[in-house]
Amino acid sequence: MEMDTDDTCKAKGEEEKAKPIVVILMGAPGSGKSTFCEHVIRSSARSWVRVCQDTINNGKAGTKVQCLTNAISALKEGKSVFIDRCNLEKEQRVDFVKLGSPQVEVHAVVLDLPAKLCISRSVKRTGHEGNLQGGKAAAVVNRMLQKKELPKLSEGFSRIMFCQNESDVQAALDTYSGFGLLDTLPHGSFGQKKPDTKVQLGIMKFLKKVEAPSNAGSSASSIQGSPASQIIEEKNSCFGGKETASLLSHNAREEVKDCQDPGVSSSTRKGSSSDGPILAFPSISTADFQFDHEKASDIIVEKVEESMDKLGNAKLVLVDLTRGSKILSLVRAKAAQKNINPKKFFTFVGDITKLYSEGGLRCTVIANAANWRLKPGGGGVNAAIFNAAGPDLEVATKEQAKSLVPGSAVVVPLPSTSPLSSKEGVTHVIHVLGPNMNPHRPNCLGGDYVKGCQILQKAYTSLFEGFLSIVSTQAKLSQESNEKIKLEPSQSPGHSKDGPRNHSPTGDQKNKRDGIHEHEISKKCKGSQNEVGTSINSSRAGKVNAENAKLDVSTSKAWGSWAQALYHIAMHPERHKDNLLLEILDDVVVLNDLYPKAQKHLLVLTRCDGLDCLGDVRKEHLQLLKTMHAVGLKWAEKFLDEDASLVFRLGYHSVPSMRQLHLHVISQDFNSKLLKNKKHWNSFTTAFFRDSVDVIEEISNQGKATLNDDDRLLSMELRCHRCKSAHPNIPRLKSHISNCRAPFPTSLLQNDRLVLAPSNTNNP
DNA sequence: GTTCTAGAAC
DNA sequence: GTTCTAGAAC
């Protein structure tokens, strides 16, 4: 056993009072477990014992029982213990979790780093204690990661830290290095991006690309237990849940240093139709009003929990300016313990007046921790918001109320002339007055927390009710504007959908949002504004529906000239006599993909004008979808007659590059010189690809299809679609898939997602 | 040095 | 969607 202890700096007495802990490390070979232990042990004020199975037997590998025995004796001596072994499967760690007791907490530190990184470290390392060197490392790491089961609090951990990139690891190192003998750490699960799915994540570099899709892997192609939830970010400075970094503009990431946001996907930035309005609110009363943070965090979490059911697609975000703010970490821990949906409520570090411009987080409503006179000035959030909003906010506030009593809130629509509106997209400010515990401020409660808590509860209730009233009003207005659009379709051609939205009766508010939207369009599209305007098909401009006429951007998109080819074929197949065309029917055209990404790759193209992509599909298209599927299936079966070894998959890209709804019928060999890049691969092998059978089911049941439209799906780590092993680049991946005969993942074998020759059904 | 990727242009 | 190519990665 390694006794990496540092006895020099602590007195015996201290150790006796202190509670030892067990930290179970989890991670593949090369994930840095031993290094982690060494770093902590070097700088910690505690006595640690590192129990390493690789070396426990006089420097050689030992048994699990030896590890347990040594851990128990270390704990008896009051020492804290690192369990340094892979521990990737639940069963492998269960006995170590049992080391916990009322006196001994068991923590998990998960070094869930990219497979690529672990592999390269394992390969490179020489003289590693576990003797896992050389070329076999890749195979071993891949195999282990495929069995990975991420830990859950329910296994018996009081605290779990997920580290998915180097900065997470640094944060965990800081946490445990500074974890003194008498300190306690908040309980809960920290830093995991998506607890329930195993989304593969991109190999992008920090500042160049964003990271984990928050929700995109939930479809059939994500496999429980697959080694997928791996982040390749190397420098992300965001600790405790890095998702929000995906929202940040490049220059903002440096400033937003802490966030926990498993819920906000890049769609919040892009403003896709699935977004809901977001209320950003500061912690009320805990700053200048000196309200106790523990009590305040209880109330925030309790009130958030109460409002969860009423939120619909709206979201709440607690904002604080400083990284490592006590109130944020308390709220995070308590929200995690209560299993509050992290998609609907999360925390964010940043300036509440610059959430969009600097943080990339679009919050249409922000709350202000106001003073009772509703006046600018003072300090903190109140001063910041009044400053950022300019005199417009003061004027608009006066129209609504002259003063506030503690525990109440007032909703103020923000004029579009306010910079906070034009730059940040804020439509409303809600002033909230919380209880005051500061004797130097008016209405001090003098330490009466019974009353204080009541008032703070009331304050949050008023705030959330105010927000919900805005949400429901806006939803109604967008319905009305939608009705109006339907009545006046002639006004829309030639404009982006901002045109129709200007007909809405909401006046100022609408214009303001349109400003943001245009900003986004100009960022997203490389073409000129003119191009944007003209390339949106006029038949689509009137199609803005109730959903996409909401606060956020519609699904409508601009198509470049190069993206029109399929549309032209669909409209006039007879003019395209080229040899790609296979079949022309009343509703569909079948053609070979011009750039096939597999031995067989066909497109079944709808001839319906105005149906550009999966996002446009509604219940009235159900029969068409079934026809497309049936035609695709017919062709797949024809090819299977010729070559029984083929396997087909039928489906749609969540966001196609080419206009005009088309079904891909693609053989799963992916044997094509034209499959050249990560986007090609991931567009057919991640949740970005929506199986036709699932789409039909969704349209039938819900009236629309789920779009896994997060760009990050397309830049995820390259993994074999059969065995899910990770590969560093396209050539290596292709070389692997040409030989891989692993069975397809179960999810693909279900529900006829794969189409096989009858003779091939048992062993694809 | 070569291989490979990612972003811009089309 | 592809092509081109700078520059990162090896």
Side-chain angles (χ1 to χ4, degrees), chain A residues 114-117 119-125 134-135 137-138 166 200-211 232-235 246 249-250 266 522-532 534-535 537 557-570 576 578 580 589 591-598 601-605 612-615 651-666 670 672-684 688-689 709-719 726-737:
Chain A
K116 190 180 166 183
L117 182 64
I119 291 168
S120 71
R121 283 182 186 164
S122 297
V123 170
K124 281 178 197 159
R125 85 172 45 158
E166 293 297 344
Q200 301 174 25
L201 297 162
I203 309 187
M204 307 290 91
K205 284 286 181 287
F206 181 60
L207 295 185
K208 287 191 181 167
K209 269 287 168 183
V210 289
E211 44 193 309
I232 313 245
E233 295 299 304
E234 309 254 346
K235 295 178 188 164
S246 65
S249 57
H250 290 183
S266 68
S522 62
K523 273 198 293 195
K524 271 177 79 174
C525 301
K526 294 161 201 154
S528 64
Q529 279 299 315
N530 186 38
E531 192 183 352
V532 170
T534 52
S535 57
N537 186 309
K557 68 180 259 189
W559 302 97
S561 55
W562 48 264
Q564 308 283 351
L566 293 178
Y567 174 73
H568 294 311
I569 294 174
H576 296 260
D578 62 64
L580 292 177
V589 176
L591 64 154
N592 276 312
D593 195 298
L594 181 58
Y595 297 93
K597 304 301 185 296
H601 184 184
L602 313 185
L603 303 178
V604 181
L605 188 62
D612 290 346
C613 59
L614 191 54
Y652 300 86
H653 284 158
S654 287
V655 183
S657 295
M658 305 290 282
R659 176 182 172 198
Q660 194 69 3
L661 181 73
H662 53 280
L663 172 71
H664 290 270
V665 178
I666 184 162
F670 295 110
S672 163
K673 282 187 296 190
L674 298 166
L675 198 162
K676 291 176 176 171
N677 60 42
K678 188 177 273 184
K679 183 176 175 183
H680 291 154
W681 177 254
N682 283 332
S683 73
F684 290 103
F688 186 86
F689 190 82
D709 56 358
D710 194 308
D711 291 347
R712 291 165 297 178
L713 282 167
L714 297 176
S715 37
M716 291 199 306
E717 199 163 32
L718 296 167
R719 283 186 183 274
H727 300 273
N729 54 43
I730 289 285
R732 299 267 287 275
L733 171 77
K734 290 176 91 169
S735 140
H736 167 84
I737 56 171

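Because the structure is predicted, anything quoted here is derived from the model rather than measured. Below, chains carry the letters A, B, ... as their sequence lines are ordered, and counting in each starts from 1.
Screening A:Phe688, A:Tyr652, A:Phe684 for a ring-ring contact (aromatic ring centres under 6.0 Å, His included) with A:His664, the sole residue that qualifies is A:Phe684. Results of the side chain to side chain contact (heavy atoms under 4.5 Å, CB included) test with A:Leu580 over A:Leu594, A:Leu603, A:Leu602 single out A:Leu594 as the only residue that passes.
When the P atom of C:dG1 is taken as reference, atom OH of A:Tyr567 falls 19 Å away, rounded to whole Å. In this structure, the CH2 atom of A:Trp681 is 17 Å from the C1' atom of B:dT5, given to the nearest Å. In this entry the distance linking CD of A:Gln564 with C1' of B:dC10 reads 14 Å, nearest Å. Spacing between atom CG of A:Asp711 and atom C1' of B:dG7 amounts to 14 Å, rounded to whole angstrom units. For the pair A:Leu675 CG and B:dT5 C1', the interatomic distance rounds to 14 Å; values are reported in whole Å. Look at NE2 on A:His568: it is 16 Å from P on C:dG1, rounded to the nearest Å.
Backbone-only engagement by A:Ile730 is indicated by non-hydrogen atom pairs under 4.0 Å involving sugar-phosphate atoms exclusively. The residue A:His662 sits apart from the nucleic acid: no heavy atom pair falls under 4.0 Å.
When all heavy atoms are compared, the tightest approach of A:Ile730 to A:Lys678 is CD1-N, 3.7 Å.
Looking only at distances, a side-chain donor or acceptor of A:Lys734 sits under 3.5 Å from a matching main-chain atom of A:Ser672.
Within a 6.0 Å radius of NZ in A:Lys679, other residues, nucleotides and ligands contribute 12 heavy atoms or fewer.
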Between the protein and nucleotides 2-4 of chain C, list every N/O to N/O distance that falls short of 3.5 Å.
{"unit_1": "C:dT2", "atom_1": "OP1", "unit_2": "A:Lys597", "atom_2": "NZ", "d": "2.9"}
{"unit_1": "C:dT2", "atom_1": "OP2", "unit_2": "A:His680", "atom_2": "NE2", "d": "2.6"}
{"unit_1": "C:dT3", "atom_1": "OP2", "unit_2": "A:Lys676", "atom_2": "NZ", "d": "3.2"}

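How far CZ of A:Arg719 is from CH2 of A:Trp681: 12.0 Å, rounded to the nearest 0.5 Å.
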